[in-house]
Amino acid sequence: MLQINIIRENPKEIIDRLAIKNFKAEVLVEKIILLDSKRREVQGKLDNNLAESNSIAKEIGVLFQSGKKEEANTLKARTAELKTITKELSESLQLTEKELNDTLVLLPNLPHPSIPKGKGAEDNLVVLEDGLIPQLAENAVPHWDLAIKYGIIDFETGVKITGAGFPVYKGKGARLQRALINFFLDNAVENGYAETQPPFVVNEDSAYATGQLPDKEGQMYHCGLDNLYLIPTAEVPVTNIYRDMIVRGDTLPLKNTAYSACFRREAGSYGKDVRGLNRLHQFDKVEIVQITHPEKSYNTLEEMKDYVAGLLRKLELPFRIVKLCGGDMSFASAWTYDMEVFSAAQQKWLEVSSVSNFETFQANRLKLRFRDGESKPQLAHTLNGSALALPRIVAALLENNQTAEGIRIPKALIPYTGFELIN
RNA sequence: GGAGAGAUGGCAGAGUGGUCGAAUGCGGCGGUCUCGAAAACCGUUGUUCGUCGUAAGAUGGACCGGGGGUUCGAAUCCCCCUCUCUCCGCCA
């Protein structure tokens with residue numbers, strides 16, 4: 001959520017910058033400015049009313065104690081009038097505030113000034129390509145066929161026990177999952193991220209604070225009986241650790257990593273994009289989260305980007321990094337890098353990580369602030385990224401490393417898997 | 001699932017319906033003392049929204065889990081909700 005004072009001070013700039021995200025903000029901004037000034041006007045009146053009521057109440061108290069009942073009763077008559085006005089005003093204030101807030105949450109985050117305008121994925125900027133794209137043998141097959149061939153991922157049994165998008169990993173497939181999770185966590189810890197095990201289910205407040213609610217409700221699995229949501233990413237519980245907090249400035253940056261299963265309804269997805277491991281309802285991911293000082297967040301973004309690139313190099317996967325254009329960026333992000341791995345049998349780039357700086361957009365809803373010395377609390381910046389999401393990594397590993405003897409495990413991973421070959 | 005207790009400032013913990021944003025202790029910050037530190041002593045110590053001000057600040061409002069109500073006046077009384085804790089039951 002954007003801060004109201006920024007909108008109040010530079011409405012024109014807000015509109016222009018949101019246009020980069022192909023978002024037409026004129027009407028909303030106008031409405032917000034109007035509601036904001038109404039809010040302040042009403043609040044001023046209400047405050048004056050309450051001030052008068054308060055002072056009369058005090059007078060009455062004094063009069064009662066000195067036994068001047070009649071005078072007290074005269075004053076009571078006046079407070080009755082004030083009371084009606086106060087009630088009206090505070091109802092009006094509540095309504096205005098709610099409407100203002102409801103409108104405010106509709107505005108996406110401002111893209112960083114360096115973000116190019118663009119319609120969609122085709123306008124993203126490739127900032128780095130790394131690794132060699134393997135030349136596969138004639139008879140190379142996509143990962144869903146390899147999964148069956150080696151008996152490591154069982155999609156059909158997943159359908160039986162749950163439904164499509166919930167595969168069962170078996171044998172070396174399951175072992176590979178566990179190896180990747182440990183590999184990613186160990187790397188993150190070595191890089192200064194504090195390992196965390198958050199709940200996989202969150203309450204409404206948390207889902208709201210990180211922006212899943214109110215608008216992306218349909219993307220999450222909901223436990224109606226307890227009104228809890230299955231997390232779509234560890235970002236939600238991990239970032240919420242810091243909800244409603246004012247931290248000391250010298251404790252920044254706060255760095256956390258967490259493994260979690262992620263649950264996504266993926267309503268509306270269909271077709272060949274969902275084949276095999278490409279898009280699942282439940283998947284595993286290791287997430288990295290940082291809370292930083294506003295002045296340092298863009299250095300941090302680069303650092304996180306490089307960190308993820310390092311992981312992909314260790315896995316010996318060909319990848320590219322794209323800087324998303326305005327049109328392809330998420331609602332809450334100010335700057336996003338996507339990391340895409342080349343899956344050689346599918347001949348496709350698969351997104352395996354997304355690293356974003358949200359600046360104060362999330363912190364504002366989270367009420368996550370820091371204080372430098374004695375100064376006023378100030379909103380922190382939040383960043384997060386996948387490091388990494390497993391299914392597409394597995395897809396690429398299987399496809400790119402297929403040989404006549406079996407699937408070769410990258411060197412860095414062998415200590416974790418305990419085997420060099422899936423055969 | 002059953003029974004009970006509770007929710008107050010960073011923490012602990014008081015608070016006959018009026019002068020309570022809230023005692024006290026701890027912690028934090030500043031100072032005195034000291035070569036320095038500890039101890040002791042003194043002072044200070046929340047968030048948020050208006051208005052005025054370039055600012056420092058001044059001033060008014062709100063906030064004692066959340067929401068309603070009673071009252072001239074609510075941390076204090078009433079109702080609803082949420083959460084936490086204890087005991088019993090069940091159980092990884």
Side-chain angles (χ1 to χ4, degrees), chain A residues 1-10 32-104 197 199-209 213 222-229 237 240-252 254 261 291 360 363-380:
Chain A
M1 187 161 73
L2 293 172
Q3 293 163 88
I4 181 69
N5 57 325
I6 294 174
I7 300 174
R8 190 190 298 149
E9 282 156 26
N10 327 287
I32 286 166
I33 301 232
L34 213 69
L35 285 167
D36 176 53
S37 71
K38 184 180 174 193
R39 189 196 107 241
R40 287 185 293 161
E41 188 194 321
V42 174
Q43 167 128 40
K45 285 185 189 166
L46 176 63
D47 285 354
N48 290 338
N49 253 280
L50 287 170
E52 197 181 337
S53 299
N54 286 345
S55 77
I56 292 177
K58 273 181 194 170
E59 274 182 64
I60 291 176
V62 173
L63 290 173
F64 265 125
Q65 273 166 7
S66 52
K68 297 176 184 167
K69 280 200 174 164
E70 279 174 38
E71 288 178 50
N73 284 326
T74 322
L75 282 175
K76 274 194 197 181
R78 220 194 307 165
T79 58
E81 298 167 34
L82 282 171
K83 234 177 153 178
T84 8
I85 303 170
T86 299
K87 193 170 183 194
E88 277 169 29
L89 285 171
S90 69
E91 272 166 11
S92 162
L93 181 65
Q94 261 185 33
L95 272 172
T96 310
E97 273 178 346
K98 182 173 187 319
E99 203 180 343
L100 177 60
N101 196 59
D102 288 352
T103 314
L104 218 42
Q197 271 203 18
F200 291 0
V201 177
V202 295
N203 59 29
E204 250 180 330
D205 286 348
S206 295
Y208 178 83
L213 294 180
H222 182 226
C223 310
L225 217 51
D226 299 294
N227 195 25
L228 297 171
Y229 293 87
N240 268 284
I241 292 173
Y242 303 102
R243 170 152 52 89
D244 289 323
M245 278 177 70
I246 301 175
V247 302
R248 276 179 33 196
D250 57 19
T251 62
L252 299 177
L254 298 163
I291 318 289
T360 59
N364 194 26
R365 276 214 216 177
L366 284 161
K367 298 198 178 64
L368 163 53
R369 290 165 295 169
F370 72 95
R371 191 202 310 270
D372 270 332
E374 295 295 292
S375 66
K376 281 261 153 205
Q378 200 185 333
L379 290 173

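Lettering follows sequence order; numbering is per chain, from 1.
Residue A:R371 places no side-chain N or O under 4.0 Å from the OP1 or OP2 atom of B:rG46. For A:K45 and B:rG50, the shortest distance from a side-chain N or O to OP1 or OP2 is not below 4.0 Å. Using a 4.0 Å cut-off, some side-chain N or O of A:N54 falls inside it from OP1 or OP2 of B:rG61. For the OP1/OP2 pair of B:rG68 and a distance below 4.0 Å, the side-chain nitrogens and oxygens of A:Q94 include at least one atom meeting the criterion. Taking side-chain N and O atoms only, A:R40 has no distance below 4.0 Å to OP1 or OP2 of B:rC49.
Across the C1' atoms, B:rC33 and B:rG50 are found 46 Å apart, a figure rounded to whole Å. A gap of 13 Å separates the C1' atoms of B:rU32 and B:rA39, to the nearest Å. Annotation: B:rA75 and B:rA7 have their P atoms spaced 15 Å apart (nearest Å). Spacing between B:rU16 and B:rA40 at atom P, rounded to whole Å, works out to 32 Å. Comparing B:rC80 with B:rU24, their P atoms are spaced 36 Å from each other, to the whole Å. Annotation: B:rA3 and B:rC20 have their C1' atoms spaced 36 Å apart (nearest Å). Spacing of P atoms, B:rG31 relative to B:rG18, comes out at 41 Å, to the nearest Å. Straight-line distance between the P atoms of B:rG67 and B:rU76: roughly 13 Å, to the nearest whole Å.
Spacing between atom NZ of A:K87 and atom P of B:rG68 amounts to 10 Å, rounded to whole angstrom units. Atoms CG (A:L82) and C1' (B:rU71) sit 15 Å apart, rounded to a whole Å. In this structure, the NZ atom of A:K367 is 11 Å from the C1' atom of B:rU47, given to the nearest Å. Here B:rG10 presents its C1' atom at 14 Å from CZ of A:R369, a figure rounded to the nearest Å. Atom CG in A:L368 sits roughly 16 Å away from atom P in B:rU47 (whole-Å rounding). In this structure, the CG atom of A:N5 is 12 Å from the P atom of B:rU51, given to the nearest Å. Atom-to-atom, CG of A:L89 to P of B:rC49 comes out at 20 Å; the value is rounded to the nearest Å. If you measure from atom CG of A:L104 to atom P of B:rC49, you get 13 Å, rounded to the nearest angstrom.
A:Y229 and A:A207 get closest at one heavy-atom pair: CD1-CB, 4.4 Å. Minimum heavy-atom separation, A:Q3 to A:T360: NE2-OG1, 3.2 Å.
Side chains of A:D372 and A:Q378: a donor-acceptor N/O pair is absent below 3.5 angstrom, by distance only.
With RNA chain B read from its 5' end, the first of the two nearest nucleotides for A:D47 and A:R8 is the one closest to A:R8. In terms of position on RNA chain B, the residue among A:D36 and A:T79 whose nearest nucleotide sits closer to the 5' end is A:D36.
Pairing for B:rU82 goes to B:rA7, judged as Watson-Crick or G-U wobble with the two contacts each under 3.5 Å. B:rU24 is paired with B:rA12 under the criterion used here, namely a Watson-Crick or G-U wobble arrangement in which both key atom distances are under 3.5 Å. Pairing for B:rC90 is absent, with no Watson-Crick or G-U wobble pair whose two atom distances lie under 3.5 Å. Base pairing annotation: B:rG46 forms a Watson-Crick or G-U wobble pair with B:rC63, both donor-acceptor distances under 3.5 Å.
When atom types are taken as modelled, the side chain of A:S53 and the backbone of A:N49 share a donor-acceptor pair closer than 3.5 angstrom.
Among the heavy atoms of the strands lying under 4.0 Å from A:L50 are primed sugar atoms or P, OP1, OP2 only; no base atom is included.
Of the candidates A:K38, A:Q43, A:E41, A:R40, A:K38 is the only one forming a side chain to side chain contact (heavy atoms under 4.5 Å, CB included) with A:T96. For the pairing with A:I4, the side chain to side chain contact (heavy atoms under 4.5 Å, CB included) check across A:N364, A:D36, A:L35, A:I33 returns one residue only, A:D36.
When the shell of 6.0 Å around CD of A:Q197 is examined, it contains 12 or fewer heavy atoms from other residues, nucleotides or ligands.
For A:A51, taking side-chain heavy atoms from C-beta onward, the closest of the listed nucleotides B:rG61, B:rG18, B:rG50 is B:rG61. The listed nucleotides are B:rG61, B:rC72, B:rC49; the one nearest the side chain of A:R39 is B:rC49.
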